[in-house]
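A, B, ... follow the sequence lines: proteins, then strands. Residue 1 opens every chain. Basis for what follows: all heavy atoms, side chains included, without hydrogens, waters or symmetry-related copies.
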Amino acid sequence: MNAPLTLAQAVSQDAAVNVTPRGSDYETVRRVIELITLDYRDQPSLETIAAELDQSPTQLQKVFTRWAGLSPKGFLQAVTLDHAKRLLGREGMPLLETAFEVGLSGPGRLHDLFVTHEAMSPGEWKAKGAGLTIRHAFHPSPFGLALVMATDRGLAGLAFADQGGEAACFEDMRRRWPNAEYIEDREATRPYVGRIFNRAEWSRDRPLNVVLIGTDFQVSVWQSLLKIPFGRAVTYSDVANDIGKPKANRAVGAAIGANPISFVVPCHRAVGKSGALTGYHWGLTRKRAILGWEQGEG
DNA sequence: GGAATCATGTGAT
DNA sequence: ATCACATGATTCC
């Protein structure tokens, strides 16, 4: 363990927080992810990790595998820079252009095209949500407490909160559409989490409706993200090329960062050209956790 | 290999 | 106008 304690503490705060029914297990998983994320350069062994958490290697292995669908070793490999590069695919492959077609013709596991989206009109965007009723509530998710926001037209926002960070998280989202009317509604929002975080519930026959509220540029970027197949990744410049503005790679980064429906609009599948995970609005640890989870599921 | 530097498009103030 | 960016390429050590 060569990372300074302060850094470990910092990441600890940004990691997913235990709120699931299997409480203590999740805490274990969270700490494993955090440890691996911090120390992946050293490729720590299962024994090392277990010793760090003061648990038996076999027990740790079992708990982690049940949640993540892959062993700690597998997860470690999934988090490595090499792996991110592999997700990018072989050179020159126009991943984004073909994604749509592949998703439709494939066996249905290839692509999470279970999302139908509609964009708000520019007028509605300028009104900053005026006239819109947004129902919202926090629910447990595998990646921490999830804030769900929905209009009668579909899912409009999905955010993650750390322990005690609920208010800040809500404010973060509210700032985007300050003129909307907000109603806390656990009943109306609960079905969304069940659908979104259980892959078994993803179905082309029963698409999830999402509402993209943003500028024209942002919406085009988000639509491009929706074309990235499950368990794959693209670079920020790939997206810039895909929307026909090859020089706007930096602007693309900003637009991806502003994505209000995290996870569903897979902003975690955008990485730097080197394969490095460059940033995530809800914490880099969470980005790695989600990509690792996709690796196990895929 | 890194750190520093620059060109760059968008969106917010 | 000006500024901040979840970038990327180039140019120095």
Determine whether a donor-acceptor pair (N or O, by modelled atom type, separation under 3.5 Å) exists between the side chain of [X] and the backbone of [Y].
X: A/E171; Y: A/C169; value: no
X: A/R153; Y: A/V211; value: no
X: A/K287; Y: A/G279; value: yes

Go ahead and write out DNA chain C as dot-bracket, 5' to 3': ( ) for pairs within the strand, [ ] for ones crossing earlier pairs, | when the partner sits on another strand, dots for unpaired; Watson-Crick or G-U wobble, both distances under 3.5 Å. |||||.|||||||
List the steps and the verdict of salt bridge (Lys or Arg N to Asp or Glu O under 4.0 Å) for A/D54 and A/R31. CA-CA 11 Å; A/D54 208 18; A/R31 292 188 59 196; over 6 Å; no
Test item: A/Y280 and A/I290 side chains (from C-beta on) under 4.5 Å apart, heavy atoms: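 Yes, side chains in contact.
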Going by heavy atoms in the side chains, are A/W202 and A/F230 under 4.5 Å from each other?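 A side-chain contact exists here, since the closest heavy-atom pair is under 4.5 Å.
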Quick one: list whatever passes side chain to side chain donor-acceptor pair (under 3.5 Å) with [X], sequence neighbours left out.
X: A/R186; answer: none
X: A/S237; answer: none
X: A/Q223; answer: A/H117
X: A/S45; answer: A/T48

Span of DNA chain B, from the first to the last nucleotide whose atoms fall under 4.0 Å of chain A heavy atoms: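 So the contact region on DNA chain B extends B/dA7 to B/dA12.
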Listed by chain and number, what are the side-chain contact (heavy atoms from CB on, under 4.5 Å) partners of A/V148, not counting sequence neighbours?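 Here the qualifying residues are A/H139, A/L155, A/L158, A/T189, A/Y192, A/V193.
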Grab the two heavy atoms, one from A/T235 and one from A/G272, that are nearest each other, plus how far apart they are.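 Result for this residue pair: CG2-O, 3.9 Å.
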Round to the nearest Å and state the distance from A/L225 atom CG to C/dA6 atom C1'.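 Rounding to the nearest Å, CG of A/L225 and C1' of C/dA6 are 12 Å apart.
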Run the ring-centre check on A/F170 versus A/F138 and record whether the distance is less than 6.0 Å.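 When the ring centroids of A/F170 and A/F138 are compared, they turn out to be at least 6.0 Å apart.
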DNA chain C-proximal residues of residues 254-261 of chain A, any heavy atom under 4.0 Å: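 A/I256, A/G257, in order of number.
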Looking at DNA chain C, which of residues 211-221 of chain A put a heavy atom within less than 4.0 Å of it?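 Close to the strand, none.
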Review item, nucleotides 9-11 of chain C N/O atoms under 3.5 Å of protein N/O:
{"residue": "C/dA9", "atom": "OP1", "partner": "A/K273", "partner atom": "NZ", "Å": "3.4"}

Using the test salt bridge (Lys or Arg N to Asp or Glu O under 4.0 Å), find all partners of A/E47 that sit at least two apart in sequence or belong to another chain.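 Listed in chain order: nothing, the list is empty.
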For residues 244-259 of chain A, dump all side-chain donor-acceptor pairs below 3.5 Å to protein atoms at least two apart in sequence or in another chain.
{"residue": "A/N259", "atom": "OD1", "partner": "A/I261", "partner atom": "N", "Å": "2.9"}
{"residue": "A/N259", "atom": "ND2", "partner": "A/I261", "partner atom": "O", "Å": "3.4"}
{"residue": "A/N259", "atom": "ND2", "partner": "A/V265", "partner atom": "O", "Å": "3.1"}

